[in-house]
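When a residue number appears, it is its place in the shown sequence, counting from 1. Quick note: numbers below take in every heavy atom, side chains included, and nothing from hydrogens, waters or symmetry partners.
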Amino acid sequence: MASPPAQPELDLALQAAAALVAVPDASTAVFQARVGLAALDLAREETSLHVTQLQEAVADMAVLTEAVDKAEFALRDLL
């Protein structure tokens, strides 16, 4: 098993991931969700502002994805 990343590297990785998922985008929602979840897994027990930002962003993506899914079903019905 690999050793956990050093604190400065972990903080940079969490910061970069938080920036990638900060604005939910329907066209890249799957990518953003995977980045957010991977970063949260990397953080493990870490408590930082970036972890909170990532948790909120992943939750926002879940809401966005649900809205997009409902819109797609509505469009299918129209066709």
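One finds the CG atom of Leu10 at 11.5 Å from the CD atom of Gln15 (value rounded to the nearest 0.5 Å). Of the inter-residue distances, the one linking Leu37 atom CG with Gln55 atom CD reads 10.5 Å to the nearest 0.5 angstrom.
With sequence neighbours excluded, the residues that form a side chain to side chain contact (heavy atoms under 4.5 Å, CB included) with Val35 are Ala17, Leu20, Val21, Phe31. When the side chain to side chain contact (heavy atoms under 4.5 Å, CB included) test is applied to Glu56, the partners found at least two apart in sequence or on another chain are Thr52.
A donor-acceptor pair is defined here as one N or O able to donate and one able to accept, closer than 3.5 Å; no such pair exists between the side chain of Gln53 and the backbone of Leu14.
Heavy-atom minimum distance, Leu42 versus Ala13: CD2-CB, 4.1 Å. Of all heavy-atom pairs spanning Leu54 and Gly36, the tightest one is CD2-CA, 4.2 Å.
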